[in-house]
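Quick note: numbers below take in every heavy atom, side chains included, and nothing from hydrogens, waters or symmetry partners. Please read all numbers here as calculations on a predicted model, not as lab measurements.
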Amino acid sequence: MAGSRALELLDQLGIELDPQLFQLAMTHRSFAYENGGLPHNERLEFLGDAVLGVVVTEHLYRSYPELPEGRLAKLRAAVVNSNSLADVARTLDLGSQIRLGRGEQATGGADKSSILADSLEALLGAVLISAGRDAADRLVRHLFDPLVATAASLGAGLDWKTSLQELAAELELGSVSYRISESGPDHDKRFEAVAVVGGHSFEPGYGTSKKQAEQGAAEHAFSALSADAATLVTPGGDA
């Protein structure tokens with residue numbers, strides 16, 4: 001585990017983590033099952049998920065007293081989701097520390113967003129058990145406060161799908177639909193989404209999940225409709 005960015009960060013933050021708990025947090029169930037049913041990280045993940053939710057929610061509540069509950073919920077969802085957690089895990093090079101079974105290793109499990117996100121939550125749970133609530137809060141705030149600030153500045157971009165639906169309703173264009181196509185092997189799927197609004201289709205969005213692709217497609221449609229709404233109020237063909 002020497003050289004782990006995660007452990008280096010904990011050291012910088014003055015957080016002492018039990019090495020055995022760190023190893024447990026980095027033990028995926030696929031490794032545990034292949035090695036005689038060892039303990040794995042899912043209980044720590046369960047705990048870390050709760051810690052993350054509480055700390056981020058409290059930070060939002062205290063930092064943005066002017067925002068209504070609905071907006072706070074959107075901000076939290078933009079920060080506490082699998083893709084965001086996986087991106088944070090990648091900055092810590094957590095994938096190199098995760099103990100995986102042979103099957104997961106062969107299919108690129110060390111960079112799968114779901115595995116990275118779960119492992120980061122397990123790490124948060126391990127910090128809580130090993131070093132206490134204050135230490136867990138400190139780590140969460142260090143990792144996620146920048147994401148909260150970015151999300152709060154996004155406006156419509158916080159949730160492009162919702163913003164597009166609201167704009168379509170305002171322009172009386174009806175509901176929004178998405179055409180989805182996918183490519184690639186099961187362990188490395190890529191998705192393309194095209195938003196269709198009022199008879200018009202827009203520039204596609206791409207991603208490693210349907211949700212990510214749809215958000216990209218919604219962003220393109222929202223931008224196009226906002227820029228030239230008057231010419232698109234009456235359906236007539238592709239934009």
Side-chain angles (χ1 to χ4, degrees), residues 1-63 69 72-101 104-105 109-149 151 209 211:
M1 299 298 176
S4 163
R5 290 184 201 167
L7 293 179
E8 290 172 1
L9 174 61
L10 293 179
D11 186 57
Q12 291 169 15
L13 295 175
I15 297 172
E16 293 187 13
L17 177 59
D18 183 330
Q20 291 186 331
L21 275 175
F22 180 71
Q23 180 171 277
L24 178 60
M26 296 299 104
T27 302
H28 188 257
R29 65 175 178 268
S30 62
F31 180 91
Y33 294 164
E34 286 186 10
N35 289 273
L38 296 173
H40 53 74
N41 65 6
E42 290 183 2
R43 282 171 52 84
L44 286 175
E45 173 201 335
F46 168 77
L47 185 60
D49 175 69
V51 172
L52 177 62
V54 168
V55 175
V56 170
T57 300
E58 182 179 0
H59 177 52
L60 287 168
Y61 180 85
R62 294 183 182 279
S63 299
E69 180 272 341
L72 291 174
K74 287 182 179 179
L75 282 170
R76 181 176 59 193
V79 173
V80 183
N81 62 69
S82 181
N83 287 330
S84 292
L85 267 64
D87 287 343
V88 171
R90 290 186 181 99
T91 69
L92 298 175
D93 191 28
L94 219 55
S96 69
Q97 305 298 314
I98 302 171
R99 300 199 296 175
L100 297 166
E104 284 292 354
Q105 287 179 345
D111 195 48
K112 284 184 180 177
S113 290
S114 59
I115 291 177
L116 287 169
D118 291 347
S119 299
L120 178 61
E121 289 179 334
L123 175 62
L124 297 177
V127 168
L128 177 69
I129 293 296
S130 182
R133 173 65 193 272
D134 288 347
D137 284 10
R138 194 155 68 249
L139 179 58
V140 171
R141 293 290 303 273
H142 178 85
L143 293 174
F144 288 90
D145 277 9
L147 276 67
V148 170
S209 68
K211 181 178 179 180

Atom pair [atom1] ([X]) and [atom2] ([Y]), whose distance is rounded to the nearest 0.5 Å:
X      : Y      : atom1 : atom2 : answer
Asp93  : Ile98  : CG    : CD1   : 9.5 Å
Leu139 : Arg141 : CG    : CZ    : 12.0 Å
Ser130 : Leu17  : OG    : CG    : 4.5 Å
Arg5   : Gln12  : CZ    : CD    : 12.0 Å
Ser82  : Leu116 : OG    : CG    : 8.5 Å
Leu85  : Ser114 : CG    : OG    : 11.5 Å

- Message: Once salt bridge (Lys or Arg N to Asp or Glu O under 4.0 Å) is applied, do any residues pair with Asp49, and if so which ones, sequence neighbours excluded?
- Response: none
- Name all residues meeting the salt bridge (Lys or Arg N to Asp or Glu O under 4.0 Å) criterion together with Arg29; count only those two or more places apart in sequence or in a different chain, and write none if there are none. Glu42
State, to 0.1 Å, how close [X] and [Y] come at their nearest heavy-atom pair, and which atoms those are.
X      : Y      : value
Leu124 : Ala136 : O-CB, 4.5 Å
Ile15  : Ala135 : CD1-O, 3.4 Å
Tyr33  : His40  : OH-NE2, 4.0 Å
Pro39  : Ala32  : O-CB, 4.1 Å
Asn41  : Leu24  : CB-O, 3.2 Å
Ser30  : Gly101 : OG-N, 2.8 Å

- Item | All ring pair (Phe, Tyr, Trp, His ring centres under 6.0 Å) counterparts of His59, not counting sequence neighbours | none
- Check each of Asp145, Val55, Val127, Leu128 against Val140 using the side-chain contact (heavy atoms from CB on, under 4.5 Å) test, and report the only one that passes. Val55
- Could you go step by step and tell me if Val79 and Leu60 meet the side-chain contact (heavy atoms from CB on, under 4.5 Å) rule? CA-CA 11 Å; Val79 173; Leu60 287 168; over 6 Å; no
Would you say the side-chain atoms of [X] pair up with the backbone N or O of [Y], donor to acceptor, closer than 3.5 Å?
X     : Y     : value
Ser84 : Ala78 : yes
Arg90 : Gly95 : no
Thr57 : Val54 : no

Using a 4.5 Å cut-off on heavy atoms from C-beta on, say whether the side chain of [Y] contacts that of [X].
X      : Y      : result
Gln97  : Phe22  : yes
Met26  : Leu123 : yes
Leu147 : Val88  : yes

- Between Arg138 and Asp134, does a salt bridge (charged side-chain N to carboxylate O under 4.0 Å, His left out) hold up when you go through it step by step? CA-CA 6 Å; Arg138 194 155 68 249; Asp134 288 347; over 6 Å; no
